Amino acid sequence: MSADLRTRCTALLPPDTHVRYAWTAQRGLNPSWRILSWLVIASPCRVVAVTDDTIYVFRSGSAILSPRKPKSLKFSVPRAAVPPPARLTGSWTRTTIGPERMWVRRRAYPIVRQALGAAS
């Protein structure tokens with residue numbers, strides 16, 4: 001979840017918008033369910049970008065092809081309107097941003113904690 005992901009998101013936002021945090025997330029079934037792996041692979045991915053006052057959610061490719069390449073802006077919500085996740089544990093944690101529920105991978109937990117102020 002590097003500067004590269006933040007740069008890709010900034011390119012799709014209005015000028016003078018500074019992305020502070022960015023991470024990938026996945027919609028659909030819990031990605032840990034290996035028995036239904038073909039459904040998990042087909043689940044749409046999202047890129048979440050956080051600025052000082054707004055959270056932007058972008059459409060991106062599938063879990064296999066290009067999950068880290070935002071394609072278009074799906075929606076945005078005020079940063080204050082999104083409560084932090086209750087807990088970030090396990091390999092994947094479900095979180096809600098705006099109208100969508102999505103799964104966040106463990107490697108993004110430190111970024112989500114900083115961006116949303118989540119508890120451990």
Side-chain angles (χ1 to χ4, degrees):
M1 316 296 166
S2 62
D4 183 43
L5 187 57
R6 291 193 309 264
T7 302
R8 289 178 183 163
C9 293
T10 302
L12 298 172
L13 294 174
D16 297 329
T17 303
H18 177 68
V19 175
R20 294 185 61 189
Y21 307 101
W23 65 87
T24 57
Q26 188 168 337
R27 299 239 328 122
L29 297 173
N30 184 335
S32 298
W33 293 358
R34 306 223 190 287
I35 194 163
L36 300 172
S37 61
W38 61 275
L39 286 174
V40 171
I41 290 170
S43 298
C45 290
R46 302 287 187 244
V47 174
V48 180
V50 180
T51 64
D52 289 332
D53 57 352
T54 308
I55 298 176
Y56 297 94
V57 177
F58 297 92
R59 289 179 182 92
S60 66
S62 69
I64 289 180
L65 299 177
S66 56
R68 296 177 49 95
K69 293 184 180 176
K71 294 181 177 180
S72 63
L73 180 64
K74 181 154 175 62
F75 64 88
S76 64
V77 294
R79 189 172 177 180
V82 177
R87 61 189 174 100
L88 294 170
T89 58
S91 297
W92 295 85
T93 293
R94 193 169 199 166
T95 186
T96 302
I97 298 177
E100 287 197 352
R101 291 186 195 166
M102 53 190 84
W103 294 93
V104 177
R105 186 179 282 241
R106 176 183 289 156
R107 68 177 169 212
Y109 290 176
I111 300 167
V112 174
R113 281 189 189 102
Q114 290 176 345
L116 301 178
S120 294

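Small disclaimer: the values here were computed from a predicted structure and weren't measured.
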Begin from the C-alpha positions of Val48 and Val104 and carry the test side-chain contact (heavy atoms from CB on, under 4.5 Å) through to its verdict. CA-CA 10 Å; Val48 180; Val104 177; over 6 Å; no
Looking at Arg94, I want to see if its CZ is surrounded by more than 12 non-hydrogen atoms of other residues, nucleotides or ligands under 6.0 Å. yes
Residue pair [X] / [Y]: nearest heavy atoms and the distance that separates them:
| X | Y | value |
| --- | --- | --- |
| Leu73 | Val57 | CD1-O, 3.6 Å |
| Arg6 | Val19 | CD-O, 3.5 Å |
| Ser60 | Lys69 | CB-O, 3.3 Å |
| Arg79 | Gln114 | NH2-O, 4.2 Å |
| Val47 | Cys9 | CG1-SG, 3.4 Å |
| Tyr56 | Ser76 | CD2-CB, 3.5 Å |

Nearest-0.5 Å distance, [atom1] of residue [X] to [atom2] of residue [Y]:
| X | Y | atom1 | atom2 | answer |
| --- | --- | --- | --- | --- |
| Phe58 | Leu5 | CZ | CG | 9.5 Å |
| Arg46 | Glu100 | CZ | CD | 4.5 Å |
| Arg59 | Lys71 | CZ | NZ | 10.5 Å |

Compare all side-chain heavy atoms of [X] with those of [Y] and state whether any distance is below 4.5 angstrom.
| X | Y | result |
| --- | --- | --- |
| Arg20 | Asp52 | yes |
| Pro85 | Leu116 | yes |
| Tyr21 | Val112 | no |
| Thr95 | Met102 | yes |

Check the side chains of Thr93 and Tyr109 for a donor-acceptor pair under 3.5 angstrom, ignoring hydrogens and angles. yes
Test your reading of the model: is there a side-chain donor-acceptor pair from Thr17 to the backbone of Pro14, 3.5 Å cut-off? yes
Backbone N or O of Arg101 within a donor-acceptor pair of the Arg27 side chain at under 3.5 Å? yes
